[in-house]
Amino acid sequence: MFTGLAERLQETFKKLRGKGRLTEADVNEALREVRIALLEADVNFKVVKDFVARIRERAVGQELHASLNPTQHVIKIVHDELTGLMGGANSKIKIAPKPPTVVVMVGLNGAGKTTTSAKLANLLRKQGKRPLLVAADVYRPAAIKQLQVLGNQLNVPVFTIGEKQDPVAIGQAAVKNAAANGHDLVIIDTAGRQEVNDELMSELENMNRVLEPDEILLVIDAMTGQTAVHVAEQFNKRLNLDGVVLTKLDGDSRGGAALSVRAITGKPIKFAGVGEKLDALEPFHPDRMSERILG
Ligand code: GDP
């Protein structure tokens, strides 16, 4: 995860570490390298520009820290700013005051929506929730089957009334079923498309208007970098997302989506997919991510 970016940044700071004192030229050279490393990691251009400007302002202004030498100080500033860029603190899902909490999973085909729905049920069950998974991807009968298989593996019930049904009606029936059967969490796997289009957005808008979910989570594939960020922008404009799940972080050596999506959409990454197994979903912690990047 982020190995390419991590290596580049760690190399940059290693050079600084050799120096006793830092001149403004040293800081500028390091920032130039940080900028290139971030651009090569496919971080959004404007995000990089603002990020480097903030670090320069703080590093050159030198709000000195008694216990740190100048190089440690610069690294601390970069760490803090990276953490801020990814949203600061971990952002949890909203729990409905009156159960069940309804979570609608949205996203394009292949991003990992169905797998992530199951992973999320698994994760939140470990935190004491009683989830019901809902198969509302009526365009891909294989997706319904896939969710049933995953639900079976986890021993989490999967609500389905089959294909050729209106996804909104499925959602409504599922919420009723959950309330009747003591489920305090409903996770709805919706239909995606190959790309963002008006039909998909209208369908999801309609579902959200009727169901009034507590959370709309967009699933995006980290490996697609700025494409994922652009998808998030488009979904957010129409659906006012509550958060993002970034999948396939295990295969992402660059980190461009992870570092851009919050700044571009204003919406936090709440969870990260880190493998194909059903326990490979983690709450997203910006500070731990920065530590991983800076070593
Ligand atoms: P959907 O079309 O959005 O519902 O996507 P799927 O849930 O079917 O996932 C597409 C593929 O991505 C599957 O092969 C998943 O196993 C894989 N996948 C999903 N999340 C992750 C992840 O975090 N890491 C890895 N390595 N693979 C993932």
Side-chain angles (χ1 to χ4, degrees), residues 1-4 86 90 103-124 126 131 133-154 156 158-160 163 167 170-171 174 186-197 199-201 203-204 207 215-225 227-232 234-236 239 241 243-259 261 268-285 288-289 292:
M1 189 191 300
F2 305 160
T3 42
M86 290 184 277
N90 168 245
V103 180
V104 172
M105 309 293 288
V106 302
L108 296 183
N109 290 344
K113 191 162 25 62
T114 303
T115 317
T116 303
S117 300
K119 285 175 169 179
L120 188 62
N122 188 32
L123 181 71
L124 296 177
K126 285 181 193 156
L133 281 163
V134 182
D137 182 349
V138 291
Y139 292 99
R140 274 198 318 142
I144 298 179
K145 184 79 200 139
Q146 187 189 351
L147 194 65
Q148 283 171 324
V149 169
L150 297 174
N152 256 336
Q153 284 174 22
L154 292 171
V156 169
V158 176
F159 183 87
T160 163
E163 43 196 288
I170 298 176
V186 176
I187 299 174
I188 304 178
D189 181 27
T190 62
R193 293 291 190 282
Q194 291 310 114
E195 55 189 25
V196 177
N197 64 32
E199 184 190 51
L200 171 63
M201 292 301 157
E203 208 171 274
L204 293 170
M207 175 176 262
E215 283 278 324
I216 307 172
L217 289 181
L218 172 69
V219 179
I220 51 174
D221 175 349
M223 307 256 288
T224 63
T227 304
V229 176
H230 186 57
V231 167
Q234 290 173 292
F235 270 81
N236 191 45
L239 301 176
L241 303 170
V244 170
V245 182
L246 200 54
T247 62
K248 309 186 198 181
L249 222 54
D250 49 307
D252 178 23
S253 69
R254 307 216 284 167
L259 290 169
V261 76
I269 300 168
K270 294 197 171 179
F271 300 95
V274 292
E276 295 199 60
K277 295 217 178 88
L278 290 177
D279 59 0
L281 183 77
E282 301 173 349
F284 186 82
H285 287 281
R288 291 183 205 163
M289 288 292 157
R292 208 174 267 202

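The figures here come from the full heavy-atom set of this structure, side chains too, leaving out hydrogens, waters and symmetry mates. Every number for a ligand or one of its atoms is a count from 1 in the order of the listing.
A salt bridge between K119 and E282 is absent, with no side-chain N of the basic residue lying under 4.0 Å from a carboxylate O of the acidic one.
Selection from M105, K119, E276 by nearest heavy atom to atom 20 (N) of ligand 1 gives K119. Across the listed options G273, A111, G112, G112 owns the non-hydrogen atom lying nearest to atom 9 (O) of ligand 1.
Nearest heavy-atom pair across P283 and N90 is CB-ND2, 3.9 Å. Shortest non-hydrogen contact noted between L278 and N122 is O-ND2, 3.0 Å.
Of the inter-residue distances, the one linking L133 atom CG with L147 atom CG reads 5.0 Å to the nearest 0.5 angstrom. Between atom CZ of residue R193 and atom OH of residue Y139 there is a gap of 4.5 Å, rounded to the nearest 0.5 Å.
The protein heavy atom nearest to atom 13 (C) of ligand 1 is T115 OG1, 4.3 Å. Taking atom 26 (N) of ligand 1 as the reference point, the nearest protein heavy-atom neighbour is D250 OD2, 2.7 Å. Counting only heavy atoms of the protein, atom 18 (N) of ligand 1 lies nearest to K248 CE, 3.9 Å.
Among the atoms of G110, some N or O lies under 3.5 angstrom from an N or O of ligand 1. Of the N or O atoms in T114, one or more lie within a sub-3.5 Å distance of an N or O in ligand 1. Considering backbone and side-chain atoms together, Q146 places an N or O closer than 3.5 Å to an N or O of ligand 1. When only interatomic distances are considered, the shortest N/O to N/O separation between K113 and ligand 1 falls below 3.5 Å.
D221 and T247 share no side-chain donor-acceptor pair at under 3.5 Å.
A donor-acceptor pair is defined here as one N or O able to donate and one able to accept, closer than 3.5 Å; no such pair exists between the side chain of D189 and the backbone of V134.
Ligand-side atoms of ligand 1 in range of V274: 23 (O), range being under 4.0 angstrom from any heavy atom. In summary, the atoms of ligand 1 found under 4.0 Å from a heavy atom of N109, numbered by their order in the structure, are 2 (O).
Using a 4.0 angstrom heavy-atom cutoff, A143 does not count as in contact with ligand 1.
Within the 4.5 Å cutoff, the side chain of K248 has no heavy atoms near those of the T224 side chain. Side-chain contact check for V106 versus L217: every heavy-atom pair is 4.5 Å or farther apart.
Contacts between L108 and ligand 1 below 4.0 angstrom, taking non-hydrogen atoms only, involve the backbone exclusively.
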